[in-house]
Amino acid sequence: MRKFVISAAAALPLLTGGCLAKTAFDVVTLPVKAAGQAADWATTSQDEADRNYGRKMRKQEAREGRERKRQADECRKERDACRTYDGYRASDPD
């Protein structure tokens with residue numbers, strides 16, 4: 001029994017050495033990973049920028065459509081006041 005306990009105690013560091021080394025490696029690399037994640041959160045990826053631009057353009061085009069429809073309705077009601085559309089255009093910068 002005593003031989004088993006001594007041999008188990010001697011083999012314990014060899015068996016857990018990989019776990020300890022991996023844990024130490026994880027602790028050392030944690031600040032680097034955290035800084036990388038913070039940079040990812042702080043910056044906008046190209047996909048996000050494209051998605052946001054598309055959303056902005058759809059809103060602007062919807063606004064232009066509403067204003068053109070309103071102008072066309074007014075033109076149908078009063079033919080004398082009818083003029084070309086000079087309102088908001090989605091392609092114009094704000």
Side-chain angles (χ1 to χ4, degrees):
M1 180 73 176
R2 180 172 261 196
K3 289 181 185 181
F4 177 73
V5 172
I6 292 173
S7 62
L12 188 62
L14 296 174
L15 296 174
T16 61
C19 294
L20 293 176
K22 174 140 176 45
T23 302
F25 179 76
D26 289 343
V27 168
V28 169
T29 59
L30 184 65
V32 175
K33 290 179 182 177
Q37 185 64 44
D40 286 345
W41 287 337
T43 58
T44 303
S45 71
Q46 189 62 45
D47 288 339
E48 287 175 305
D50 292 345
R51 184 175 55 241
N52 292 341
Y53 179 75
R55 183 178 299 128
K56 177 183 167 187
M57 289 307 296
R58 283 190 300 276
K59 285 182 181 181
Q60 289 177 349
E61 289 168 355
R63 176 181 170 190
E64 180 181 358
R66 286 191 303 271
E67 289 190 13
R68 282 184 180 271
K69 184 177 184 221
R70 183 183 49 78
Q71 192 265 343
D73 289 344
E74 288 175 5
C75 187
R76 274 196 299 275
K77 289 178 185 176
E78 295 184 41
R79 293 254 182 229
D80 298 333
C82 192
R83 58 190 177 0
T84 61
Y85 179 76
D86 61 351
Y88 177 81
R89 296 193 194 288
S91 60
D92 291 342
D94 284 337

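What's counted below: heavy atoms across the whole structure, side chains too, no hydrogens, waters or symmetry copies.
E48 pairs by the side-chain hydrogen bond (donor to acceptor under 3.5 Å, both in side chains) definition with S45, not counting sequence neighbours. Remark: D73 engages R76 in a side-chain hydrogen bond (donor to acceptor under 3.5 Å, both in side chains) (not counting sequence neighbours).
Of the residues Q60, E67, R68, R66, the one that meets the side chain to side chain contact (heavy atoms under 4.5 Å, CB included) test with E64 is R68.
More than 12 heavy atoms of other residues, nucleotides or ligands shown are found within 6.0 angstrom of CD on Q37.
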